[in-house]
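Naming convention: chains lettered A, B, ... in sequence-line order (proteins, then strands); numbering from 1 in each chain.
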Protein chains: 2
Amino acid sequence: MAIAKAPDKRTYQSTELRQSATIEAVVQLCAEQDPATLTTARIAEEVGLSQGALFKHFPNKNRLWESVAGWVSEQLTSQVFREADRHEHADQALEAMFFAHVRFIARHPGIPRLMLGELQKPGNGPAKTIVRQTLARYRKKVVGLLQLGIDQGRIAAGIDTEAAAVLYLGAIQGLVVQGMVSGEIASLEQTAPRIFKLYSASFQEMTNDPEK
Amino acid sequence: MAIAKAPDKRTYQSTELRQSATIEAVVQLCAEQDPATLTTARIAEEVGLSQGALFKHFPNKNRLWESVAGWVSEQLTSQVFREADRHEHADQALEAMFFAHVRFIARHPGIPRLMLGELQKPGNGPAKTIVRQTLARYRKKVVGLLQLGIDQGRIAAGIDTEAAAVLYLGAIQGLVVQGMVSGEIASLEQTAPRIFKLYSASFQEMTNDPEK
DNA sequence: CAGAATAAAGCAATTGATTACTTTCTTTCA
DNA sequence: TGAAAGAAAGTAATCAATTGCTTTATTCTG
């Protein structure tokens with residue numbers, strides 16, 4: 001008495017649609033699985049395709065990873081930078097950027113795994129290059145904002161901006177790793193303000209600010 | 001005209017010796033290769049054994065990873081904590097601990113890959129549990145030192161010690177990731193002081209310290 | 001606008017390579 | 001001499017990629 005599977009009239013899609021659906025499926029799957037153990041069969045299942053059909057839309061697995069890295073880079077920078085650019089004061093922009101980044105990760109828990117996973121592999125594959133460039137661009141953005149803050153007189157003048165940018169990214173990574181250790185990615189957004197408050201103290205003017 | 005391999009008089013070793021040699025080989029190999037792609041054949045080659053002979057000393061690959069995680073945990077905590085305990089003032093202990101950690105990583109570049117790789121995989125395998133507990137213990141140590149520093153009057157009293165501990169680990173991770181991005185693990189020790197100086201500013205007393 | 005022709009998208013099955021682990025037999029050495 | 005340690009070959013499973021063929025969609029033509 002085999003239960004007949006739904007006839008499931010097979011419907012064809014353009015490669016363009018399949019590609020984006022596949023990329024999002026990978027990002028989704030990385031939230032619950034180590035990227036290194038992700039098989040084409042598992043991805044195909046998530047998209048609703050046979051394993052072999054995946055190769056009608058991507059020439060090979062590496063190119064798929066490349067596309068995923070590109071998608072992540074695009075989404076991260078556009079969402080985070082846009083939030084920063086909405087503020088005139090550099091210190092406020094940095095804060096907004098910090099929270100936007102945390103929010104982005106909380107919504108896509110697989111992304112740290114993805115990026116760290118790429119950085120893990122040595123060599124200079126295309127996907128790794130994309131991640132590397134994204135992080136470099138991000139760091140430059142932070143350095144620029146810090147410098148702007150100094151010019152605006154809202155950030156201590158003597159600050160080591162390069163180091164502050166590394167610490168900025170480290171603060172986020174610390175949050176992420178703490179989330180991976182505790183397993184609670186949801187609590188990220190809750191803890192983030194405490195971390196940023198502390199971080200921002202490291203470059204605040206030492207003057208006793210009368211207001212507040 | 002096959003060139004005869006060196007006769008290589010085969011010499012037998014105790015499992016105990018082989019185990020530690022294998023563990024160190026894995027740590028060594030992780031410096032140049034993604035742990036997820038490390039095969040038993042590659043490990044055996046590094047140790048100087050046939051692939052099958054490895055299983056005379058470890059029942060399976062998972063147990064090997066477990067042993068590696070244990071070794072890393074033991075080495076890291078013993079070396080880093082020992083350095084911290086040599087100082088009476090908590091702030092100095094934190095600084096020494098920071099540099100000891102960075103030095104440890106610089107000497108074993110594979111270890112961040114190892115620990116991050118373990119944290120990546122979901123579930124609660126034994127190896128991941130060890131890494132998790134190690135990080136948790138580390139965090140507690142930092143919180144304890146921060147609290148001690150407050151009691152000693154060397155650290156601002158109002159500080160959020162939990163957040164400061166997360167930021168402490170984040171500072172190290174920021175350094176590590178920056179090293180993975182730039183590919184220069186050697187420059188870690190050079191950059192570390194700049195990062196720590198900034199980090200420590202976040203919990204320094206705001207009083208204008210006349211000395212120095 | 002019907003319908004043939006062509007291209008695109010799909011499945012099921014298979015291939016070849018890789019990998020963790022086993023088995024069989026040999027060598028060492030306490 | 002017997003147990004531990006090793007090599008070498010083998011095994012079953014897994015996985016990315018391919019192949020052969022079918023089905024759907026699009027384009028061309030009269």
Side-chain angles (χ1 to χ4, degrees), chain A residues 2 4-26 29-30 33-69 117-118 121 123 125-127, chain B residues 2 4-26 29-30 33-69 117-118 121 123 125-127:
Chain A
K5 287 185 180 176
D8 250 356
K9 176 113 190 269
R10 144 164 61 171
T11 140
Y12 286 29
Q13 293 287 320
S14 69
T15 51
E16 198 178 356
L17 283 177
R18 288 295 193 205
Q19 279 175 347
S20 56
T22 304
I23 290 168
E24 283 172 42
V26 169
L29 283 171
C30 283
Q33 200 170 336
D34 183 359
T37 71
L38 211 55
T39 68
T40 55
R42 182 72 187 87
I43 297 168
E45 182 193 31
E46 190 77 7
V47 183
L49 282 181
S50 69
Q51 185 259 339
L54 217 57
F55 292 87
K56 297 278 180 179
H57 309 292
F58 294 93
N60 54 53
K61 206 187 180 187
N62 275 341
R63 293 284 281 274
L64 168 55
W65 281 111
E66 207 175 319
S67 301
V68 171
E118 275 307 319
K121 42 181 97 160
Chain B
K5 286 185 180 176
D8 250 358
K9 174 114 189 269
R10 144 165 61 173
T11 134
Y12 285 33
Q13 294 286 319
S14 68
T15 53
E16 199 177 356
L17 284 177
R18 289 296 192 205
Q19 279 175 347
S20 57
T22 304
I23 290 168
E24 283 173 41
V26 169
L29 283 171
C30 283
Q33 201 171 335
D34 184 359
T37 72
L38 210 54
T39 68
T40 55
R42 182 73 188 85
I43 296 168
E45 181 193 34
E46 190 77 6
V47 183
L49 282 180
S50 68
Q51 185 258 344
L54 217 58
F55 291 88
K56 297 277 181 184
H57 309 292
F58 293 93
N60 53 55
K61 206 185 180 187
N62 274 342
R63 292 284 282 272
L64 168 55
W65 281 111
E66 207 175 319
S67 300
V68 171
E118 275 306 320
K121 42 181 99 158

Could I get a table of every N or O pair under 3.5 Å where one atom is in the protein and the other is in nucleotides 27-30 of chain C?
{"unit_1": "C:dT27", "atom_1": "O2", "unit_2": "B:Tyr12", "atom_2": "OH", "d": "2.9"}

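Shortest non-hydrogen contact noted between B:Ala127 and B:Ala69 is O-CB, 4.0 Å.
Residue B:Leu38 is classed as a sugar-phosphate contact, given heavy-atom separations below 4.0 Å to backbone atoms only.
Atom NZ in B:Lys61 sits roughly 15 Å away from atom P in D:dT14 (whole-Å rounding). Rounded to whole angstrom, the span from the CD1 atom of A:Ile43 across to the P atom of D:dT14 amounts to 17 Å.
Interatomic distance, A:Leu29 CG to A:Asp34 CG, rounded to the nearest 0.5 Å: 12.0 Å. Here CD of A:Gln19 is found 12.5 Å from CD of A:Glu24. Values are rounded to the nearest 0.5 Å.
A heavy-atom distance below 4.0 Å to DNA chain C is reached by none of the residues of residues 13-24 of chain B. Only A:Leu49, A:Ser50, A:Ala53, A:Lys56, A:His57, listed by number, bring a heavy atom of residues 49-60 of chain A to less than 4.0 angstrom from any atom of DNA chain C.
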Anything under 3.5 Å between a donor and an acceptor, one on a side chain of residues 58-65 of chain B, the other on a protein residue two or more places apart or in another chain? List them.
{"unit_1": "B:Asn60", "atom_1": "OD1", "unit_2": "B:Asn62", "atom_2": "N", "d": "3.2"}
{"unit_1": "B:Asn60", "atom_1": "OD1", "unit_2": "B:Arg63", "atom_2": "N", "d": "2.9"}
{"unit_1": "B:Lys61", "atom_1": "NZ", "unit_2": "B:Leu38", "atom_2": "O", "d": "2.8"}

List, one per line, each side-chain donor-acceptor pair under 3.5 Å for residues 45-57 of chain B, sequence neighbours excluded.
{"unit_1": "B:Glu45", "atom_1": "OE1", "unit_2": "B:Arg42", "atom_2": "NH1", "d": "2.9"}
{"unit_1": "B:Glu46", "atom_1": "OE1", "unit_2": "B:Arg42", "atom_2": "NH1", "d": "3.3"}
{"unit_1": "B:Ser50", "atom_1": "OG", "unit_2": "B:Ala53", "atom_2": "N", "d": "3.4"}
{"unit_1": "B:Gln51", "atom_1": "NE2", "unit_2": "B:Thr40", "atom_2": "OG1", "d": "2.9"}

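At its two ends the helix from C:dC1-D:dG30 to C:dA30-D:dT1 runs along axes set 10° apart, each axis drawn from five pairs and the angle rounded to 10°.
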